[in-house]
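Below is one structure, written out as structure tokens, with a few remarks after it.
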Amino acid sequence: MSDKGFRLTAPGLDKDGLELEVRSGTLGPDVVSIAPLYRQAGVFTFDPGFVATASCESEITFIDGEKGILLYRGYPVDQLAANCSFLEVTYLLLYGDLPNQQQLDDFLYSIGHHTMVHQSLLRFIDGFHYDAHPMAMVSGVVGSMAAFYHDSMDIDNRRHRDIFAHRIIAKIPTIAAAAYKHSVGQPFIYPRNDLNYCSNLANMFFAVPCEEYKVDPVMSEALDLLFILHADHEQNCSTSTVRLAGSSGTNPYAAIAAGISALWGPAHGGANEAVLNMLKEIGSVENIPKYVAKAKDRDDPFRMMGFGHRVYKNFDPRATLIRDMAHKVLGRIDGVDTPFFDLALKLEEVALKDEYFVEKKLYPNVDFYSGIIYRALGIPTSMFTVMFAVARTVGWVAHWQEMIADPKRKIGRPRQLYIGPEKRDLVPLSKRT
Ligand code: CMC
């Protein structure tokens, strides 16, 4: 690397090679700008899974996977978790700085007054079979919001983008709760604007029309923490999906629906559901060695769900905070199923000492504990990833806003290494053997 850039020499290039610009961000590794590579050297870069590719510039979130650092707009996530509510963090992610009291009051008022969804949208939920996976319902209904709220949706108009942001963040808990109520056959509970974001969500989930329901403050506190920790995580699979879909200029509700679908997979947000299913399968502490052996066996597709992370290679800072909350919830909410938590803790202990997990730097991630908390709060397993989607909607919207507002924005269009047949001539059907 020279002072100015990165010099690439290769057959086909002249003797001085090709000077590629190296750019530095505020924090984190430099990037080599490879845009001239194809034009000047006729080659593409090849990086399946984007393990060494920065896909965009962003001011929102910074992660140092080696040191276990996660910053939202520069603030350490543990400081935010200790001092702010989820909607304060939402404001920070959307607008770049923490709100003052007036800004926060205005923001809370706006979110609080966009919580109802169009009545016809609820009929979409009714159209689903009772056992439809809630992620399928939520992604379908969010996508269909493009058909309901297109009146104020010029993506090049900042005010319209803001209305979209407030609408989707306010309505996603209502949609999540409607999907839940449909799956258990209970009447839909309308949002209550006198409750805070997480208490309103809990009320829509657990209240029934025939008796009074009071939200347990521990539940509200636990949800608020989980939502802060899940709110954003830079260019992960679902956020990159939202950016890629949104880069075509599509309706943003459609882009968010694409993100919800990407989140659903077990390697991403579906992991919290997969952890609980795995714990159910393991069943008891005696079976742990068998499952650890399965996870280590290259010929066995079984993976220890909730372990490992593409970016965090020492510890997941979110996991540390959430682990403490798991203890608090299990200690304070009556009637919770602690054997599951005991099994999880034992599994964590065994895996953390195991040579394979140590060597491959496989530590418990945020979703190892989030499912346990959701279960303790009485949220069914199939809803875990929906809860993640409610929180991550904030990150998706912040990234979508950042991308659309960028005057240099380009449609996302990766290239490929083609390994199919070479050009060949068609044989008419009558002559094919
Ligand atoms: N159990 C057993 N082995 C594992 C695991 C695991 N959970 N995770 C990775 N490995 C092994 C993997 O087999 C590979 O071994 P080898 O080098 O011998 O081929 C090595 O570790 C590296 O794995 P990788 O798949 O190349 O790593 P990745 O960075 O592509 O994958 C991951 C990251 C999160 C998809 C993966 O660790 C995984 O599948 N974990 C379980 C699912 C999970 O908990 N996902 C939630 C992530 S946190 C929430 C979120 O951000 O959405």
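Whatever order the structure lists them in is the order used to number ligands and atoms, beginning at 1. All figures in this text were calculated on a predicted structure; none of them were measured in a lab.
In this structure, of Arg303, Arg310, Met305, the residue bringing a heavy atom nearest to atom 25 (O) of ligand 1 is Arg303. Summarising the contacts of atom 3 (N) of ligand 1 with Tyr363, Tyr356, Phe357, the nearest heavy atom is found in Tyr356. Of the candidates His233, His230, Lys360, the one placing a heavy atom closest to atom 17 (O) of ligand 1 is Lys360.
Scanning the protein for heavy atoms near atom 49 (C) of ligand 1, the closest one is Asp367 OD2, 3.0 Å. The protein heavy atom nearest to atom 43 (C) of ligand 1 is Ala271 CB, 3.6 Å. In terms of protein heavy atoms, atom 40 (N) of ligand 1 is closest to Phe307 O, 2.9 Å. Among all non-hydrogen protein atoms, the one lying nearest atom 7 (N) of ligand 1 is Met304 O, 2.7 Å. Ranking the protein heavy atoms by distance from atom 19 (O) of ligand 1 puts Arg298 NH2, 3.4 Å first. For atom 52 (O) of ligand 1, the closest heavy atom belonging to the protein is His268 ND1, 2.6 Å. In this structure, atom 48 (S) of ligand 1 lies nearest to the protein heavy atom His309 CD2, 3.4 Å. Nearest protein heavy-atom neighbour of atom 47 (C) of ligand 1: Asn365 ND2, 3.6 Å.
A donor-acceptor pair under 3.5 Å links the side-chain atoms of Arg161 to the main chain of Ile155, judged by distance alone.
For ligand 1 and Ala267, the ligand atoms under 4.0 Å from any heavy atom of the residue are 45 (N), 46 (C), 47 (C). Of all atoms in ligand 1, numbered sequentially from 1 with element shown, those under 4.0 Å from a heavy atom of Gly306 are 43 (C), 44 (O). Taking every heavy atom of Gly269 and a limit of under 4.0 angstrom, the matching atoms of ligand 1 come to 52 (O).
Across all non-hydrogen atoms, the minimal contact from Ala165 to Val397 is CB-CG1, 3.5 Å. For Met204 against Ile189, the heavy-atom pair with the smallest separation is CG-O, 3.5 Å. Of all heavy-atom pairs between Ala262 and His268, the closest is O-CD2, 3.8 Å.
Looking only at atom types and distance, the side chain of Thr381 has no donor-acceptor partner in the side chain of Asn277 under 3.5 Å away.
Aromatic pair Phe315/Tyr363: ring centres not closer than 6.0 Å.
Contacts between Lys296 and ligand 1, counted as non-hydrogen atom pairs separated by less than 4.0 Å, are absent for every part of the residue. By the criterion of a heavy-atom distance under 4.0 Å, the side chain of Leu362, and not its backbone, is placed next to ligand 1.
Note on Arg409 versus Asp156: salt bridge recorded, some NZ/NE/NH1/NH2 to OD/OE distance being below 4.0 Å.
When Tyr149, Tyr253, Trp396 are each tested for a ring pair (Phe, Tyr, Trp, His ring centres under 6.0 Å) with Phe164, only one passes: Tyr253.
Residues satisfying the side chain to side chain donor-acceptor pair (under 3.5 Å) criterion with Lys67, sequence neighbours excluded, are absent altogether.
Remark: distances from the non-hydrogen atoms of Asn236 to ligand 1 are all 4.0 Å or more.
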